[in-house]
Undergrad: 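Sharing a structure here in structure tokens format.
First listed ligand is number 1; within each ligand, the first listed atom is number 1.
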Amino acid sequence: MDLGIRGKRALVCASSKGLGKGCAEALAEAGVDLILNARGTEALEATAATIRARHNVNVTAIAADITTEEGRSRVLEAAAGVDILINNAGGPPPGMWSDWTRDDFIRALDANMLTPIALMKALLPGMIDKRWGRVVNITSQSVKAPIPQLGLSNSARAGLTGYVAGTSRQVAQYGVTINNLLPGIHATDRATSLDQGVMKAEGISMDAARARREASIPARRYGDPGDFGSACAFLCSEKAGFIVGQNILLDGGQTVATL
Ligand code: NAP
């Protein structure tokens, strides 16, 4: 299917690895020029080079911490006037409700709520002027089905979800859509570190920890970042202009709910 976005420009945050990289690859395959971002230079440059070679699109790589004001302003310098924004950042660590301090909450809110909001505030006006834009926020399955030990993530992402619910309805009249993609367990570094958490907590091997988590997914496997990216690219496509303010689960059926 031609997604109708060849020649558009996208900022994909936190995209040297994992789900962000999956989204970047899928957008590049659709002919979109990219601004990629991550903190570490090595993986970022490697991802940029691979995408350039494979898809023949322009790729600019900005090494910066997207959760800081300084990092965001450097990224925004390169990304002024983009048509597509994919919001992403690392997730907060797991823990126990009684241990989290105010500083822990502020860090989680900065990364997973206030950073995407700041980037939307910066880039939505340009999209509105052009009467076309797409924003996809990578959030989490935990927005619909909270994961108890990820309370920092549950809290910050619920806040972002509330903001998107209202804002998406304010900008849709200008041809700009905002939606959230909610990953369940996907085979990325983040999943490996959560497997390690299960391994330590339960005193079992890594293989056993992964097998236990896979068994909880009706599809009986972890998600593929490439498939996640394809769903993201579709939401960014010309065809998806009537999808507004939705929270779409990609979880292999793990969240048990009728609606
Ligand atoms: P990942 O494989 O660990 O990749 C994270 C990417 O983000 C890397 O490129 C990393 O590069 C970059 N990054 C992290 N913090 C950053 C920052 N402050 N500024 C700029 N770039 C940053 O993680 P993932 O699995 O793709 O997860 C992406 C998001 O989805 C996370 O918020 C995660 O909590 C959420 N999620 C993931 C899953 C899953 O199963 N994978 C499930 C639910 C939700 P650098 O480290 O070099 O910066």
Undergrad: With side-chain contact (heavy atoms from CB on, under 4.5 Å) as the test, pick out the partner of Asn180 among Val164, Val135, Ile248, Leu249.
TA: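 Only match with Asn180 under side-chain contact (heavy atoms from CB on, under 4.5 Å): Val164.
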Undergrad: Is there a path from Met113 to Leu182 through hydrophobic residues (I, L, V, M, F, W, Y) whose side chains come within less than 4.5 Å of each other?
TA: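 No, separate clusters.
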Undergrad: Is the closest N or O pair between Ser16 and ligand 1 shorter than 3.5 Å?
TA: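 Yes: some nitrogen or oxygen of Ser16 is under 3.5 Å from one in ligand 1.
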Undergrad: Say you draw a straight line from CG of Leu235 to CD1 of Ile243; how long is it, rounded to the nearest 0.5 Å?
TA: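 Nearest 0.5 Å value for the CG-CD1 distance: 5.5 Å.
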Undergrad: Only one of Arg131, Lys130, Arg6, Arg134 clears salt bridge (Lys or Arg N to Asp or Glu O under 4.0 Å) with Asp83; which?
TA: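 So the option named by the test is Lys130.
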Undergrad: Do Thr139 and Asn137 get their side chains close enough for a donor-acceptor pair, meaning under 3.5 Å?
TA: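 No, because no side-chain N or O of Thr139 sits under 3.5 Å from a partner of the opposite role on Asn137.
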Undergrad: Counting N and O atoms only, with roles assigned by atom type, does the side chain of Thr115 sit under 3.5 Å from a partner on the main chain of Asn112, one being a donor and the other an acceptor?
TA: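 No, the answer is negative, given that no donor and acceptor are paired below the 3.5 Å cut-off.
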Undergrad: Walk me through whether Ser142 and Arg157 qualify under side-chain hydrogen bond (donor to acceptor under 3.5 Å, both in side chains).
TA: CA-CA 8 Å; Ser142 67; Arg157 297 188 200 278; 4.7 Å; no
Undergrad: Is Thr139 close enough to touch ligand 1? Criterion: a residue heavy atom under 4.0 Å from a ligand atom.
TA: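 Yes, that is the case, since the closest heavy atom of the residue is under 4.0 Å from the ligand.
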Undergrad: Are any of the heavy atoms in Pro225 under 4.0 Å away from ligand 1?
TA: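 Judged by the 4.0 Å heavy-atom criterion, Pro225 does not count as contacting ligand 1.
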Undergrad: Heavy-atom contact under 4.0 Å between Ala43 and ligand 1?
TA: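 Contact check Ala43 vs ligand 1: negative.
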Undergrad: With a heavy-atom distance limit of 4.0 Å, tell me whether Ala89 approaches ligand 1 through its side chain, its backbone, both, or neither.
TA: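 Backbone only; the side chain of Ala89 stays clear of ligand 1.
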Undergrad: Mark the output for Gly71 as yes if a heavy-atom distance to ligand 1 is under 4.0 Å, and as no if none is.
TA: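 Gly71: no contact with ligand 1 (<4.0 Å).
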Undergrad: I need the contact type for Ile138 against ligand 1. Using non-hydrogen atoms and a strict under-4.0 Å cut-off, is it side chain, backbone, both or neither?
TA: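 The answer is the side chain of Ile138.
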Undergrad: Check ligand 1 against Asn37 and write out every atom of the ligand that is under 4.0 Å from a heavy-atom position of the residue.
TA: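 It comes down to these atoms of ligand 1: 20 (C), 21 (N).
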Undergrad: Identify, by atom number and element, the atoms of ligand 1 in contact range of Asp65, meaning under 4.0 Å from any of its heavy atoms.
TA: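 Heavy-atom distances to Asp65 below 4.0 Å select 17 (C), 18 (N), 19 (N).
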Undergrad: Within the structure, does Gln141 bring an N/O atom to less than 3.5 angstrom of an N/O atom in ligand 1?
TA: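 No.
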Undergrad: For ligand 1, note which part of Ala64 has a heavy atom under 4.0 Å away: side chain, backbone, both or neither.
TA: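 Backbone only.
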Undergrad: Considering distance alone, does some N or O of Ile66 sit under 3.5 Å from an N or O of ligand 1?
TA: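 Yes, at least one N or O pair falls under 3.5 Å.
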Undergrad: Yes or no: does Arg157 have any heavy atom under 4.0 Å from an atom of ligand 1?
TA: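 Yes, Arg157 has a heavy atom closer than 4.0 Å to ligand 1.
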Undergrad: Of the protein's non-hydrogen atoms, which lies at the shortest distance from atom 3 (O) of ligand 1, and what is that distance?
TA: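 Checking every protein heavy atom, the shortest distance to atom 3 (O) of ligand 1 gives Arg190 N, 3.6 Å.
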